[in-house]
Each structure stands twice: as C-alpha cells, then as structure tokens.
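This report refers to the structure that appears directly beneath it.
We use all heavy atoms of the structure for the numbers below, so side chains are in, but hydrogens, waters and symmetry mates are not. Lettering of chains follows the sequences in order, A, B, ..., and the numbering in each one begins at 1.
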Amino acid sequence: MVEDGHSNTDARRIEAQRTNSGLTSNLESVPSLQGVNFADMSTLNTQSDSIRPSYLNAAAGCVQLWSQTLIPTTREAPGDAKTPSHIFLTRAGYVRQVGAGIYNYLPLAWRSLKKISEIVRQEMDAAGASEMLMPAMMPIELYKDTKRDVDYGDLLFTFEDRHGRRTALGPTHEEVITDLMCGALTSYKQFPLNLYQIQTKFRDEARPRAGLLRCREFIMKDAYSFHMELEGQAGLNAAYDKMYQAYTNIFTRCGLDFSAVEADAGPIGGSASHEFMVNCESGEDTILVCPQSGYAANVEKAEIGTRPHSFDLAPSAEIAKHHTPNMPGIDGVAEHLGLQASGMLKSIVFQTIEETPRWVVAVVRGDHDVNEAKVRDAVGVSVELAPEKQAIEAGFIIGYVSPKTIDTIKQVLVVDPDALGANSWGTGADEKDHHITGFNWSRDMATHIASNSIKVADIRNAQAGDPSPRADGAFLEERRGIEVGHIFKLGTKYSQAMGLSVLDKNQKKQDVIMGCYGIGVSRTLSACIEMSHDDNGIIWPAAIAPYHVQIIALKPKAEGVMEEAHTLAKELSVQGIDVLIDDRDDRPGSKFKDADLVGIPVRFIISPKTIEAESIEFKARSDADRAQLIPRDQAIVSAMSSLAKND
RNA sequence: CAGGGUGUAGCUCAGCUUGGUAGAGCGUCUGGUUUGGGACCAGAAGGUCGCAGGUUCAAGUCCUGUCUCCCUGACCA
C-alpha cells in the first residue's frame with residue numbers, strides 16, 4: 001500500500017509542510033496514521049472541494065493528542081482578571097502570567113499566533129513587502145538623533161551592558177531601519193521599498209493591563225516603506241493605500257469585525273494615519289462615526305462639523321465673585337454656583353514645545369474635554385500640559401484660571417466655538433478659592449476681540465451628537481474599539497533627523513520619504529476573544545483557531561473509540577484540517593466544559609454509543625444547541641461546510 | 001506618577017481585629033464505586049505564610065522597611 005507513488009508524494013508534502021510552516025504535524029506520534037493510503041481519500045477530496053475554506057492547510061493538517069500537549073485549563077480564573085480575553089486565555093490554558101505585562105504563550109496560544117502571523121506574512125508579501133528581522137536590542141545612541149530617547153521617556157526599556165553602554169530594548173524600529181537604510185540605500189533606482197518584520201517588542205508601559213491587551217512584551221508586525229516621492233506608482237501615497245488594503249485583507253481573513261478609522265499621528269509624527277479597530281464594547285478607544293458619510297475617526301482625531309458662533313452675545317448679568325474652596329472638580333463648582341457644567345468655562349494652561357515656550361490657554365465648555373492634538377493644530381506648534389510649578393510662577397492660579405488672564409499674562413488664547421454660545425458664563429476668578437459668574441465675552445473681552453487676539457478653533461474631543469464634519473445635518477455616533485493596526489505616512493521626519501537622503505534622477509539630493517505600518521499580533525489574539533466569546537469560553541473564527549476541529553473521545557479506553565477517533569482525525573487532516581483529539585480518560589462533563597472554554601470551531605464526539613450506531617455527534621462551537629447525531633459518512637462534509645460558513 | 005488593594009498548598013481563597021499545633025474547596029496521586037455538561041466513598045502527597053529586620057517566652061497574625069502583583073485614573077504608535 002505504502003509503495004504506491006501517490007502516498008509517497010503526499011508524505012513528502014506533509015514533510016514539506018512540517019518544515020515550512022512551523023505547524024508541526026504530529027503524524028508520526030499517532031501510530032495508526034503511519035502508512036496511510038492517501039489514495040483512498042480521493043473520493044473525499046472531490047466530495048468537499050467545492051466548499052473548501054481557503055484558510056485550511058495546503059497539505060495535510062496536523063493531529064494532536066490533548067494528553068501529549070500542555071493545555072492547563074482551570075475552573076477558576078485569577079480573581080483580578082476582569083476582561084473576558086484575560087479570563088478565558090488563562091482558564092483555557094492559552095497563557096500563564098510571568099510578571100506584570102509578561103506572559104508565557106502556551107501551545108494553543110502559540111498556534112493561533114502563528115496562524116495570525118502567517119496571514120500577515122501572506123498579505124504583506126502579496127503587497128510587495130519583504131520580511132526581514134532586526135535586533136530587539138540596540139544602543140541608546142540610535143535614538144539620540146530623533147530625540148526619542150527623551151520623547152519616549154520611561155516607555156523605553158534600557159539597561160547597561162558589562163561595559164557600561166546603555167542599551168535599549170526596541171519599542172519599535174524606525175531608527176534601526178533608517179540607520180540601516182543610510183548605508184544600504186544608495187540610488188533612487190532602488191525605490192520603492194517596503195520591509196517588515198514580526199518580532200517581540202518591549203515597552204515599559206506605566207500600567208500594563210487586561211492580560212494580553214496591554215503588555216510590556218508583545219508580538220508586533222512592523223513595516224517600513226521608502227520612497228522618493230509622494231505621488232505616482234512608486235510614491236508613498238500608493239504604498240499607503242496598498243497597506244490599507246493589505247490590512248483590510250488581513251483582518252478580514254482573521255475573521256474580525258473591525259473598522260478602519262482616521263487617527264492622530266501622535267508623537268510618531270507624519271501627515272496621515274489610520275487605525276484598524278476591532279469593534280467591541282469593552283475596547284479602550286473611542287471612535288466617532290458619521291452614519292451618513294461613513295466618516296470614522298478616533299476621538300483624538302475626530303473633527304466636528306461647523307458650529308456657528310459669535311462674540312456678540314449681549315451680557316445678561318453682572319460679574320459676581322463666589323468663594324469656592326476645596327472644589328477640585330468642575331461639577332462640584334458648578335453645583336455650588338447653581339449652574340450646569342455646560343454653563344461653565346474650562347481654561348486649561350498649555351505650553352508650546354519650542355525654544356522659547358509660549359503660554360497657551362485653551363478654553364472649552366465645562367462639560368467638554370480639551371483635545372491636545374487640536375490645540376497643537378490651532379497653535380501650529382506642539383504643546384504640552386503646562387508644568388504646574390512653572391505655570392504658577394508665571395502667575396496662573398491653577399484651578400481658577402479664566403480667559404481674563406490674557407489681561408495680565410502674555411499668551412495665546414484659543415477658544416472652542418461652543419465656549420462662546422452663551423451670554424453668561426461661570427469661570428475661574430484668577431484668584432485662589434474663587435470663581436465668578438456672569439462672564440460675558442463681548443463685554444469682558446472687548447479689547448482683545450477688537451485687537452483680534454483671540455483665536456476660535458475646534459479644540460475639544462468630539463462626542464456623540466456633535467455635527468458630522470462630512471455630511472450636513474448628520475450627527476456623530478460613538479463606538480468602542482481595540483486598536484490592532486495602525487498605518488502612518490511618516491514623510492521625512494526620520495530621514496531628515498538621521499540623514500537618510502539619496503540623489504534623484506536630476507542628481508539632486510533628496511530626503512527619503514517614509515511610511516510605517518504596525519499590527520499588534522498578540523493583541524489581535526486577545527482582541528478577537530473580546531469580540532467573540534460567550535459565558536462558557538472562547539468562540540474562535542476558524543482562520544485563527546489553534547485547531548479547526550476537536551474530537552472528543554468519550555470512554556477512550558473502550559474498545560474501538562480511540563481507533564475511530566484516529567481514523568476520523570486522519571480523514572480530516574488529509575483535507576488540510578488541524579485536529580485536536582481529547583483523549584483524556586475523564587468524565588464527559590469536564591471534557592465538554594473544557595471544549596467550550598478552548599473554543600475550537602467544530603466538535604465531534606465519539607463514544608461506544610456512536611460507534612454502535614455507525615454515527616457520530618457533531619456540534620459547531622457557535623451553536624447554542626447540544627450536539628446532533630449525524631451519519632458517520634457525513635462527518636467530513638459537515639465539518640467542511642461548518643468551517644466554510646466561517647470563511 | 002497619584003489613589004486604593006493584594007501576597008498563606010498547583011489554582012481560588014479563609015485565618016490576621018484579640019499572638020499560642022498551618023486551614024477549606026478545587027486540582028494532583030492511590031484504591032474502589034461510577035460515566036453524556038466540571039461525580040461519589042476511603043486514603044495520601046503538597047506550604048521556610050513575598051522578602052528582610054524588629055517586638056515577644058512565642059509572630060501568618062503586632063511594628064518598621066522593602067519588593068511583587070492587581071484595580072481606578074494619569075499616561076499610551
């Protein structure tokens with residue numbers, strides 16, 4: 001049997017699969033699978049080819065016995081695990097914690113991570129990017145030119161080697177790759193270029209949380225593209241669009257429910273940026289969407305549609321001063337003054353980040369939040385919250401600041417349109433423990449309005465109910481999400497800082513234009529669980545499930561049960577399906593509970609009863625119902641069509 | 001970084017107020033009875049009570065210091 005050419009070919013394909021994909025097949029550990037005649041399976045192949053899901057293995061899938069791997073499930077989660085992904089990853093035996101924000105990836109987790117990585121690789125390669133690997137550690141000097149040794153601050157893990165050299169563990173690799181390119185990119189003819197890696201990253205997060213969602217050590221795909229121009233086929237814009245499409249493909253193939261939203265580029269800099277968010281209520285990011293135009297943006301970035309405003313509202317009350325001691329929150333002060341928070345002005349003191357810093361006072365309505373990035377855009381320079389000590393030295397009475405400080409302190413005064421929409425406001429008295437009521441812009445700020453020294457700009461976070469910036473008459477809605485991907489147009493920020501330039505066609509020296517593109521691989525794993533689970537455990541999309549099918553052998557010691565499990569596993573694996581056989585000699589109840597926890601999409605149950613009836617029990621993890629009895633010869637087709645629904 | 005909490009068996013936790021033989025459930029191991037949604041009986045193994053000092057005849061418990069981990073916020077490509 002084994003001599004026939006067909007099975008030899010298949011055996012070689014299996015071997016190739018083992019060595020190439022890293023998804024180790026355990027065929028040799030399953031005695032009954034040795035010497036399989038694969039030719040016998042040909043009928044099965046033709047039977048199910050039409051519904052074959054695309055994510056199945058090209059060659060044979062793997063078969064793993066539960067008893068031969070490590071899946072330490074627990075009945076109880078640690079008391080401090082709060083989020084579903086943290087609870088289920090721990091309970092189902094995917095991860096174990098090592099330290100704050102540091103985890104072991106156990107066999108199940110690692111299999112899923114490899115599947116996500118493989119999808120990422122395929123789509124990145126298809127989009128013309130090349131995989132490489134940079135080091136995780138690097139001399140701190142590398143970050144000097146871009147000043148990120150300071151900008152990144154405590155987020156950077158550093159240590160000293162035996163010679164006293166300060167070394168950093170890479171939080172991201174813009175500097176490393178730009179430095180590499182300084183020596184490797186020598187001609188405009190080499191462009192465009194897109195390089196990526198999948199690697200462990202390190203960030204000393206102030207507060208790691210929620211299991212794998214915010215870790216200090218995590219797996220990330222980071223890609224960097226290099227261009228001589230923005231436009232055209234070889235330009236940054238085209239590469240950015242290509243990455244946008246690749247990301248859309250990746251997250252679609254992973255089976256995620258996600259949104260691509262406009263984002264603020266943040267300290268990484270650059271002109272345009274999109275985030276890919278897994279949609280789920282427990283997400284820590286807020287997204288605003290316009291139901292009419294499809295506009296979607298992170299709250300840090302979301303624009304607000306035009307809001308009419310004017311300085312001309314007539315005063316309706318005299319200014320009155322009130323004693324308001326020990327009231328830190330604006331709500332408390334408002335209540336004391338008999339006002340709503342929306343009847344107050346909130347004045348936040350910023351400082352510009354430039355050689356001679358200027359004071360910036362940003363004024364928004366009391367119930368709104370100042371958006372630092374928007375203040376930055378309004379002023380035209382980066383800003384930071386003013387250091388309290390310096391602000392006090394300059395004369396600001398922190399906690400009691402009003403727009404009237406402009407009378408005494410030279411500053412840039414920026415006001416949000418909504419902070420002009422009433423004729424009488426409560427605000428700080430610029431005096432400790434005191435607030436005023438009756439503030440009116442046209443009366444109390446007349447000279448500054450006349451001299452045009454007050455800037456009106458959108459400087460607050462958008463919120464549900466705000467006018468849409470893209471469709472007249474439409475209003476923004478709020479959603480929550482988990483950021484799993486982020487793409488940036490960097491421009492020349494890094495190449496300029498590090499001297500990466502190349503002679504162009506006209507022999508003119510040009511700074512290289514860059515883009516960078518990240519995917520949180522390990523975060524994607526947990527985001528997926530946040531998005532897809534029930535009370536009993538994980539419900540994996542088939543494409544990134546550690547195994548496609550789980551076979552539960554009930555009474556595995558009974559005659560014929562394990563033999564039947566192996567036979568079915570063999571039939572499935574030939575189809576490219578990865579199979580986990582629960583061969584533990586346990587009671588049915590605990591095996592069902594564990595199967596629900598682990599979340600494999602398709603479940604077969606084999607027992608002496610089903611063998612007797614020449615049937616088998618079948619259940620999709622996503623179905624609420626109990627398993628149903630089906631004829632044994634329909635097992636493969638049932639599995640295939642159930643998995644195909646997931647494709 | 002601010003505030004709050006935590007650390008005792010492989011896991012989840014009690015014991016600490018009021019100092020005096022180290023506890024429970026789950027899990028593990030042995031034997032038996034069981035076997036379709038986390039079984040039952042009998043037995044067993046398993047802990048320098050985070051670490052370091054101190055008080056005391058005696059410290060898991062009181063005192064001081066220190067570390068860890070978690071939560072809320074700040075922070076965060």
B:G19 versus B:A58 - spacing of their C1' atoms, nearest Å: 8 Å
Nucleotide opposite B:U61 in a Watson-Crick or G-U pair, distances under 3.5 Å: none
Residue mapping more 5' on RNA chain B - nearest nucleotide basis, A:G101 or A:A77: A:A77
Sugar-phosphate only, base, or nothing, as touched by A:A100 at under 4.0 Å among non-hydrogen atoms: sugar-phosphate
Pairing partner (Watson-Crick or G-U wobble, both distances under 3.5 angstrom) of B:U17: none
Short side-chain to backbone donor-acceptor contact, A:Y247 and A:G518, under 3.5 Å: yes
Residue matched to B:G43 through Watson-Crick or wobble contacts both under 3.5 angstrom: B:C29
Sequence-distant partners of A:K221, salt bridge (charged side-chain N to carboxylate O under 4.0 Å, His left out), two or more places apart: none
Distance, rounded to the nearest Å, where A:Q97 contributes CD and B:C70 contributes C1': 9 Å
A:L155 CG to B:C75 C1', straight-line distance once rounded to whole Å: 9 Å
Aromatic ring pairing A:Y94/A:W540, orientation class (parallel under 30°, perpendicular over 60°, tilted between): tilted
Ring pair (Phe, Tyr, Trp, His ring centres under 6.0 Å) partners of A:W359, counting only residues at least two apart: A:F396
Pairwise P distance, B:A2 and B:U68 [rounded to whole Å]: 15 Å
Reference residue A:Q550; test side-chain contact (heavy atoms from CB on, under 4.5 Å); the match among A:I581, A:V602, A:D582, A:V579: A:D582
Whole angstrom value for the distance that separates C1' of B:A74 from CG of A:D204: 16 Å
Inter-nucleotide C1' distance (B:U21, B:G47), Å rounded: 15 Å
Base paired to B:U66 (Watson-Crick or G-U; both N/O distances under 3.5 angstrom): B:G50
Rounded interatomic separation in angstrom, taking CZ from A:R209 and C1' from B:U72: 8 Å
Distance, C1' atom - from B:G43 to B:G4, rounded to whole angstrom: 45 Å
Any-strand Watson-Crick or G-U partner of B:G3, both distances under 3.5 Å: B:C71
Sugar-phosphate, base or nothing in reach of A:P171, heavy atoms under 4.0 Å: base
C1' gap between B:U6 and B:C51, integer Å: 15 Å
Closest nucleotide among B:A74, B:C76, B:G25 to the A:E205 side chain: B:C76
Whole angstrom value for the distance that separates C1' of B:C11 from CD1 of A:I71: 18 Å
A:F488 ring center within less than 6.0 Å of A:Y240 ring center: no
Contact letters for nucleotides 33-44 of chain B, in which S counts primed atoms plus P, OP1 and OP2 and B counts the base, heavy atoms under 4.0 Å: -BSBBBB-----
Gap between atoms CZ and P, on A:R216 and B:C76 respectively (whole Å): 18 Å
Base B:C76 paired with A:R207 side chain (donor-acceptor, <3.5 Å): no
Nucleotide opposite B:A24 in a Watson-Crick or G-U pair, distances under 3.5 Å: B:U12
Whole-Å distance separating the CG atom of A:L89 from the P atom of B:C11: 18 Å
Atom-to-atom span, CZ of A:R214 to C1' of B:U72 - whole angstrom: 15 Å
Non-hydrogen atoms of A:I198 and A:E131 that approach each other most closely: N-OE2, 4.3 Å
C1' gap between B:G10 and B:C16, integer Å: 25 Å
Heavy-atom pair of closest approach, residues A:I482 and A:G283: CG1-CA, 3.6 Å
Complementary nucleotide of B:G37, counting Watson-Crick and G-U pairs under 3.5 Å: none
Expected output: side-chain A:E275 to main-chain A:E483 donor-acceptor under 3.5 Å: no
